[in-house]
Every structure is written in structure tokens, then in C-alpha cells.
Amino acid sequence: MVRFAFALLLAGLLAGCNTTLQVEKPDATSGLYSTHTALKAADVRVEEKFDPAYTQMVYLKIDAETPNQRFVDFFVAALKDMHVFKKVVTKDDLQAIVIGRNLGSKVPNVSDLVGLNNLSKEIGPFLIVEPNAVFKGGYNFEGTLKAIDASTGKTVLLIDMTAFNMAGLDDPLFHPMLNGFINWTHNQPIVPEAPKTAQQSNSAKL
């Protein structure tokens, strides 16, 4: 039922003319996506240190029976354009790895965390990234971006934020979550501290 609802949600988001799932490249100087929305500290529910071992491979895991291809393409492009990971793979790619290395008996599936953990034991550590968006009614949406260490099954990053959609979700939801993820991969503050105003600086001195 959840997967069916997710498919309907994406169909609604992609209908008409709006800025949702428009593949863009991050800014060449900052490495971040253009957005008018900043993450808040409360949006970051889990934050562990980014392990350099994760750079070997990232698996984009979409929780849908038949993922919307634009949704997949959007996040595959984003993960590649970060230039952090040596490999960016989808479920089809993982299945090809299992078959190519004759791991079928040790890794019977790559659909759940147990199977992905078994695969990690055979090929080494990698990161699992699960993006999602849920319609909350009206123009309101909730988005999550979860990162899981395949070798431990532990969630190492979880961004959970809400957005108000009038003309698309890239600016108010997907781009700020991706920017937080990018900062995390560089072990930089996910939510950069806001610059102090002159008044705040003077108050601090007093």
C-alpha cells in the first residue's frame, strides 16, 4: 500500500509544469545545489561521521515495486555529480555484481538489509541511500534522506524535513536535503551556522 501511494505521489508531482525532479548540476564553486531553503538543526535526526570507506560505492535504494524512472535518474545524477563515490549503483547494478561474481548462494537477494549486509561481507563496505517523499495533505510534503552503513546495518545519517509545494519540490525539499548530504560526505557541518549580525556580535562582546 505504501509503495502504491508513493507511485501515485510521484505521478502527481510530475504532472503539469513544475520544478520537481529536474536534473541539475550543483554550483561549480560551492558544490551545492541552488535553493532558497535551508536545513534546520531539527531536520537532522541522525548524524554519524562519514567513513571514507563509503566512497567505494553508494547504492541508491528506492522503496517501490516499480520505481519512477525520473525519480531514479534525479538521484543517480545527484550522487554522481557530487564526485564523492567511485561507483553509484541501482538495484539492477547490484544484481549484476552478484551474478558476475557468482555470489548467488551467499547473497540470495539485494532487496532487504540482510541481503545487502551479506553482499557487503563479500565485496566490502558501501553506503545505502534511501530518499523518499510523502504527501501530507494540501500542499504539504515530508521528505527523508537516509544513509545506512551496509556493513553494520546502522543508520548513519537521517534528514527529515517538511516542505510546502506550490511550484515543485526541488527547491524546498530535495535540494536542501542533498546539500546536507553533500556537506556530510565532506565531514562539514550539515547545517552551517548562520552568520551573526552586527548587533549579535556587539551583544556577545558585552
Side-chain angles (χ1 to χ4, degrees), residues 1-26 32-48 58-82 88-94 109-113 115-116 127-148 150 153-185 190-191:
M1 184 65 183
V2 173
R3 293 178 177 178
F4 180 67
F6 183 65
L8 289 179
L9 165 63
L10 285 178
L13 289 176
L14 297 175
C17 188
N18 60 40
T19 54
T20 297
L21 304 180
Q22 300 296 317
V23 176
E24 299 178 9
K25 290 189 177 296
L32 302 176
Y33 286 90
S34 174
T35 177
H36 295 90
T37 306
L39 282 177
K40 301 184 293 294
D43 297 330
V44 183
R45 306 299 178 86
V46 177
E47 180 186 358
E48 302 288 340
V58 60
Y59 166 45
L60 177 65
K61 185 175 183 294
I62 307 298
D63 186 22
E65 195 68 38
T66 54
N68 183 287
Q69 194 58 46
R70 282 187 62 187
F71 190 80
V72 175
D73 291 345
F74 177 86
F75 281 98
V76 165
L79 291 170
K80 287 182 176 179
D81 287 337
M82 293 174 192
V88 177
V89 299
T90 61
K91 185 176 181 179
D92 288 345
D93 298 320
L94 282 193
N109 78 82
V110 292
S111 298
D112 58 33
L113 195 53
L116 294 170
L127 192 67
I128 305 164
V129 171
E130 298 181 1
N132 200 7
V134 178
F135 177 58
K136 305 298 286 186
Y139 292 97
N140 299 301
F141 291 80
E142 180 180 7
T144 58
L145 188 62
K146 179 190 292 187
I148 301 170
K154 183 179 180 181
T155 297
V156 290
L157 178 71
L158 176 59
I159 297 173
D160 186 335
M161 66 180 295
T162 58
F164 188 75
N165 171 38
M166 286 294 289
L169 286 176
D170 291 353
D171 187 296
L173 190 64
F174 295 136
H175 283 177
M177 289 198 302
L178 284 169
N179 285 345
F181 182 84
I182 292 169
N183 285 333
W184 177 69
T185 65
I190 295 178
V191 182

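All values derive from a computational prediction rather than experimental measurement. Residue numbers start at 1 and run along the sequence shown.
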Please find the pair of heavy atoms, one from [X] and one from [Y], that lie closest to each other, and give the distance.
| X | Y | answer |
| --- | --- | --- |
| P172 | T37 | CA-OG1, 3.3 Å |
| T162 | L173 | C-CD1, 4.5 Å |
| E48 | T155 | CG-O, 4.2 Å |
| I62 | V72 | CG1-CG2, 4.2 Å |
| K91 | S111 | NZ-OG, 3.1 Å |
| L145 | P131 | CD1-CB, 3.7 Å |

Keeping the roles fixed (side chain from [X], backbone from [Y]), state whether a donor-acceptor pair exists under 3.5 Å.
| X | Y | answer |
| --- | --- | --- |
| D171 | T35 | no |
| D63 | N132 | no |
| N183 | G180 | no |

Residue among V129, L113, V156, L116 satisfying side-chain contact (heavy atoms from CB on, under 4.5 Å) with I148: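 Answer after filtering V129, L113, V156, L116: L113.
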
Contact check, side chains of L32 and I182, non-hydrogen atoms, under 4.5 Å: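 Of all side-chain heavy-atom pairs linking I182 with L32, at least one is under 4.5 Å.
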
How many angstroms lie between [atom1] in [X] and [atom2] in [Y], if you round to the nearest 0.5 Å?
| X | Y | atom1 | atom2 | result |
| --- | --- | --- | --- | --- |
| L60 | T90 | CG | OG1 | 7.5 Å |
| N165 | Y139 | CG | OH | 8.5 Å |
| K25 | D81 | NZ | CG | 3.5 Å |
| R45 | T144 | CZ | OG1 | 10.0 Å |
| E130 | Y59 | CD | OH | 8.5 Å |

Intermediate values then yes/no, side chain to side chain contact (heavy atoms under 4.5 Å, CB included), N179 and L39: CA-CA 9 Å; N179 285 345; L39 282 177; over 6 Å; no

Check ion pair D73-R70 (N to O, under 4.0 angstrom):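 Result for this pair is no, no salt bridge flagged.
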
Positive for ring-ring contact (aromatic ring centres under 6.0 Å, His included) with H175, one of F75, F181, Y33: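 The passing option is Y33.
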
F164 atom CZ: more than 12 heavy-atom contacts under 6.0 Å: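 Counting other residues, nucleotides and ligands, CZ of F164 exceeds 12 neighbours.
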
F174 and F74 aromatic ring geometry - parallel, tilted or perpendicular at 30°/60° bounds: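 Rings of F74 and F174: tilted, 30 to 60°.
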
